[in-house]
2 protein chains.
Amino acid sequence: MTTTKTIRPLVRPRLYLGGELSLGPGKIDLLRKIGECGSISAAARELGVPYKRAWLLIDTLNKGFPSPVLDTAAGGRSGGGARLTPRGAALVAAYDALESRLNEAARKELRVLTQLAKP
Amino acid sequence: MTTTKTIRPLVRPRLYLGGELSLGPGKIDLLRKIGECGSISAAARELGVPYKRAWLLIDTLNKGFPSPVLDTAAGGRSGGGARLTPRGAALVAAYDALESRLNEAARKELRVLTQLAKP
DNA sequence: ACTCGCTATGTCCTTAATGACATAGCGTAA
DNA sequence: TTACGCTATGTCATTAAGGACATAGCGAGT
């Protein structure tokens, strides 16, 4: 195995934010991709998931949070699209901060665990 | 069912330790319980999971790690039992250390996220 | 008016995950 | 030598999750 430049985090937390609402790497990656692509369907294509599934994930977020994470529009020349709301963007940012914080903080403990796995 | 005084951490990481081997809260809790109870079946009963399932989880750990996480014995007055091997105990300890480290380190970021969920 | 690409939603089928139940084997103590 | 409580393993049914398709509606541009 070769070394990689960007270190893939070993810890990608799934958070339980009360009730039915959970937030893990899948939804975050999707959300981020939608932000980049400007539409749910384009993001779904790039991530290789069916549109329906992507939409469903977003729907749980929109319903779970007090206000939607996406602004969507149907119709128009390009068919419409989707953009992150301030809350959606804040979510991605907060998750990213959390993730890097966790991986930084847990370096030592992770080393112990990976050592236990392959000595 | 017993009540627990300790606060349930918001972050309970699932770790991917290479290949098929993953380690999350379920297996750790089971392992810990087995250590307390001295048998797989007693732990399974207390956790409310079928023995088969508990055994299966342990089996993946025993196969995934270079040496087993449990010492088991069938037969005898009490029917036998199971005890954590040094590796098993180290696993639980390392996971606990990781978990508390993560929750401590990420307090601020977690607050941001929970705020986003319920304002 | 028609087209296009998107959002939004319903239905169905297949497959993976899980639980329930059954059973064999073991060894110590009575 | 019998009984007991555990480990270990197989089989089967049920359920939950995921994917594949189908379809309606929208609206700016041509």
Side-chain angles (χ1 to χ4, degrees), chain A residues 14 16 19-65 67-85 87-88, chain B residues 1 14 16 19-27 29-65 67-85 87-88:
Chain A
R14 163 160 286 110
Y16 303 92
E20 302 290 298
L21 189 52
S22 70
L23 186 61
K27 288 190 193 126
I28 288 293
D29 286 350
L30 173 62
L31 218 46
R32 190 198 325 275
K33 206 66 165 179
I34 292 173
E36 292 168 15
C37 294
S39 85
I40 300 176
S41 62
R45 272 195 300 274
E46 282 213 21
L47 294 179
V49 303
Y51 171 85
K52 173 80 180 265
R53 171 159 171 71
W55 182 86
L56 214 60
L57 291 174
I58 294 299
D59 192 49
T60 67
L61 291 180
N62 281 337
K63 285 176 179 162
F65 284 90
S67 74
V69 296
L70 285 187
D71 262 340
T72 62
R77 194 261 168 130
S78 63
R83 300 175 51 189
L84 296 184
T85 62
R87 166 168 264 119
Chain B
M1 175 125 81
R14 163 159 287 108
Y16 303 92
E20 302 290 298
L21 188 54
S22 70
L23 185 61
K27 289 190 192 128
D29 286 349
L30 174 61
L31 217 45
R32 191 198 324 276
K33 207 66 165 177
I34 292 173
E36 291 168 15
C37 294
S39 85
I40 300 176
S41 63
R45 271 195 301 274
E46 281 214 21
L47 295 178
V49 304
Y51 171 85
K52 174 79 178 264
R53 170 159 172 73
W55 183 86
L56 214 60
L57 291 173
I58 295 299
D59 191 49
T60 67
L61 290 180
N62 281 337
K63 285 176 179 162
F65 284 91
S67 72
V69 296
L70 284 188
D71 261 340
T72 62
R77 192 255 169 139
S78 63
R83 301 177 50 192
L84 296 184
T85 61
R87 167 169 265 118

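Residue numbers start from 1 in every chain, and the chains themselves are labelled A, B, ... in the order their sequence lines are given, proteins ahead of strands.
Panel note: side chain A:Asp71, backbone A:Thr85; no donor-acceptor pair is recorded below 3.5 Å. A donor-acceptor pair under 3.5 Å is absent between the side-chain atoms of A:Lys33 and the main chain of A:Ala42, judged by distance alone.
In this structure, A:Arg53 does not reach the C:dT9 phosphate: none of its side-chain N or O atoms is under 4.0 Å from OP1 or OP2. Using a 4.0 Å cut-off, no side-chain N or O of A:Ser78 falls inside it from OP1 or OP2 of C:dC4. In terms of phosphate contacts, B:Trp55 brings a side-chain nitrogen or oxygen within less than 4.0 Å of OP1 or OP2 of D:dA8.
One interatomic measurement links the two molecules: CG of B:Leu57 to P of D:dT7, which rounds to 14 Å at whole-angstrom precision. Note: NZ (A:Lys63) to C1' (C:dT9) measures 10 Å, nearest angstrom. Between the OH atom of B:Tyr51 and the P atom of C:dT23 there is a distance of 17 Å, given to the nearest Å. Regarding B:Asp71, its CG atom lies at a distance of 13 Å from the C1' atom of D:dT7, rounded to whole Å. Between the C1' atom of D:dG19 and the CG atom of A:Leu47 lies a distance of 16 Å, rounded to the nearest Å. When rounded to the nearest whole Å, the span between CG of A:Leu56 and P of D:dG19 equals 11 Å.
Among the protein residues, A:Ala73 comes within range of the sugar-phosphate backbone only, with heavy atoms under 4.0 Å from sugar or phosphate atoms but none that close to a base. Base contact: B:Gly76 has a heavy atom under 4.0 Å from a base atom.
Here CD1 of A:Ile58 is found 4.5 Å from CG of A:Leu30. Values are rounded to the nearest 0.5 Å. Distance CG/B:Leu61 to CG/B:Leu56: 10.5 Å, rounded to 0.5 Å.
Checking C:dT7, D:dG10, C:dT11 against every side-chain atom of B:Lys52, the shortest atom distance belongs to D:dG10. Distances were taken from every side-chain heavy atom of A:Ala74 (C-beta onward) to each of C:dA29, C:dC6, D:dT7; the shortest belongs to C:dC6. Side-chain proximity of B:Ser41 to the nucleotides D:dG25, D:dG19, D:dT7 is greatest for D:dT7.
Toward the 5′ end of DNA chain C lies the nearest nucleotide of A:Arg77, the other residue of the pair A:Arg77 and A:Ile40 mapping further downstream.
Side-chain contact between B:Leu21 and B:Thr60: absent, with no pair of heavy atoms (C-beta onward) separated by less than 4.5 Å.
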